[in-house]
Amino acid sequence: MTAAHPTDAPRNPGGAPVPPFTSLKLRFFAFLAMGLLVYVHGYDLRDRYLQPWSLVDEPMAPDAFVEYLVANGLFRFFVPLFFAISGYLFALGHDAPFWPRLRRRARTLLVPYLLWSAIGLLVTALLESWPPMREAIRAAHLAVVGDMPVARYGWRDCLVTLVLVPLPFQLWFLRCLFTYDLCYPLLERAVMRFPRTTLGVAALLWVTTFQAWFAEGEGLLFFLLGVRLCRTRRDIEAPPAWLRLDVAAFAWVVLAAIKTWLAFRNDPALQPLLALLHKTVVGLGVMVAWYGMDGLVRSAMRRPWFTWAASFSFMIYAAHVPLLTYLMNWLLPLVADVPGSRLLVFLLLPPAVAVSCVLLGAALRRVTPPLYDVLTGGRGT
């Protein structure tokens, strides 16, 4: 995702390059997070629109428990982690002129946002003309954008879908990140001059899952933390003295399991507790991932196939939805009679889609590098 990609070539305010191992971690987490994101969006229980307080209106079976545990628990740490990384990297260029930097961010964020939104709309319109996919598309979009086929959209419907409610709904990250970059001078001044007040307000927005069209409480707190860590020149590789990674990892898994168990009780009175547990699990996951996976980072980044595939992280991010959702809705009825089919689809379809996105990216980069460059905002070229 965007600013954490190694092609951003970050430098710190003093001019020295980012430490080599930190650069490796940024590449690693860019790729890992995209894999986790595909699994989060591959959740195939009855209600597929997950929120921190989502309840499950079906029996607690092993497959349903596992899916909710990972998709709405353990794997959710990557969103705040990437906002923190993005804030840190944008703040590295603090001494450079702001408006030229913002123009570059428009190329790397806004242009891909609009292009992939248009691609999602076009792919949906094409698939609607294929009878086997019509019902899958209708089911995928009934709860989000209604039951009207894309072919019947007027120009206003198309405009709203392209700019505000893209069918590839994961693009909200690009939109919100550009908003934070646009407001960087104000945000940086606030978090440096009034850190407690600024971070306190941002924490409240995060806990309450504040949402607006061009800003999300989910990311602002961590973007600000990234900015402050950079501007105060903190060592981001050194864990805090109070952090016990073994205890944090244990609490991360246990609290995610408790939250999952409570969600299956389907009691609306539990939703505030579910939201609080969700935020706690996410916060623990960020710390465990960043400070506790150094060995995995070193091992993975020594493998040429991994580093090659990691260069296509943005392609996985941009291209997996809505294709994943349509394929899932089409495939599930076909394998409904197979024992454990729902869990099998959840386990196997996301990596298949991710591999397809990598291969698509490799083909585009080889055949038409200029198009690939525009679609990815210059990443991986």
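We count residues from 1, following the sequence as given.
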Relative to the ring of [Y], is the ring of [X] parallel (under 30°), tilted (30 to 60°) or perpendicular (over 60°)?
{"X": "Phe173", "Y": "Phe83", "result": "tilted"}
{"X": "Phe314", "Y": "Tyr317", "result": "tilted"}
{"X": "Tyr372", "Y": "Phe312", "result": "perpendicular"}

Side chain to side chain contact (heavy atoms under 4.5 Å, CB included) between Met301 and Thr307: does it pass, once the steps are laid out?
CA-CA 6 Å; Met301 297 304 290; Thr307 55; 3.8 Å; yes
Sort and list the pairs that fulfil salt bridge (Lys or Arg N to Asp or Glu O under 4.0 Å) and have at least one residue in residues 106-128, not counting sequence neighbours.
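Of all non-adjacent pairs touching residues 106-128, those that pass salt bridge (Lys or Arg N to Asp or Glu O under 4.0 Å) are Arg107-Asp373.
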Pairs flagged by salt bridge (Lys or Arg N to Asp or Glu O under 4.0 Å) wherever residues 315-332 is involved - sequence neighbours left out:
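Of all non-adjacent pairs touching residues 315-332, none passes salt bridge (Lys or Arg N to Asp or Glu O under 4.0 Å).
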I'd like to check the side-chain contact (heavy atoms from CB on, under 4.5 Å) partners of [X]; sequence neighbours left out, ordered by chain and number.
{"X": "Thr208", "value": "Leu204, Phe210"}
{"X": "Trp242", "value": "Pro240, Met287"}
{"X": "Val111", "value": "Leu115, Val374"}

When you measure from the side chain of Asn72 to the backbone N and O of Gln51, does any donor-acceptor pair fall under 3.5 Å?
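Yes, Asn72 side chain to Gln51 backbone: donor-acceptor pair under 3.5 Å.
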Mind checking what makes side chain to side chain donor-acceptor pair (under 3.5 Å) contact with Asn266, not counting sequence neighbours?
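Asp57.
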Would you say Val297 ends up clustered with Trp305 if hydrophobic residues are merged whenever their side chains have heavy atoms under 4.5 Å apart, either directly or through other cluster members?
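Yes, same cluster.
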Do we see a donor-acceptor contact under 3.5 Å between the side chains of His94 and Arg231?
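Their side chains do contain a donor-acceptor pair, which is all the 3.5 Å distance test asks for.
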Give a yes-or-no answer on whether the side chains of Thr124 and Tyr326 include a donor-acceptor pair shorter than 3.5 Å.
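Result is yes, a qualifying pair exists.
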Rounded to the nearest 0.5 Å, how far does OH of Tyr43 lie from OH of Tyr68?
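If I round to the nearest 0.5 Å, the distance is 6.5 Å.
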Does the Lys NZ or Arg CZ of Arg101 fall within the cation-pi geometry relative to Phe90 - under 6.0 Å from the ring centre and within 45° of the axis?
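Cation-pi check for Arg101 and Phe90: passes.
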Are Arg244 and Asp246 ion-paired here, with the side-chain N under 4.0 Å from a carboxylate O?
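A salt bridge is present here (some side-chain N lies under 4.0 Å from a carboxylate O).
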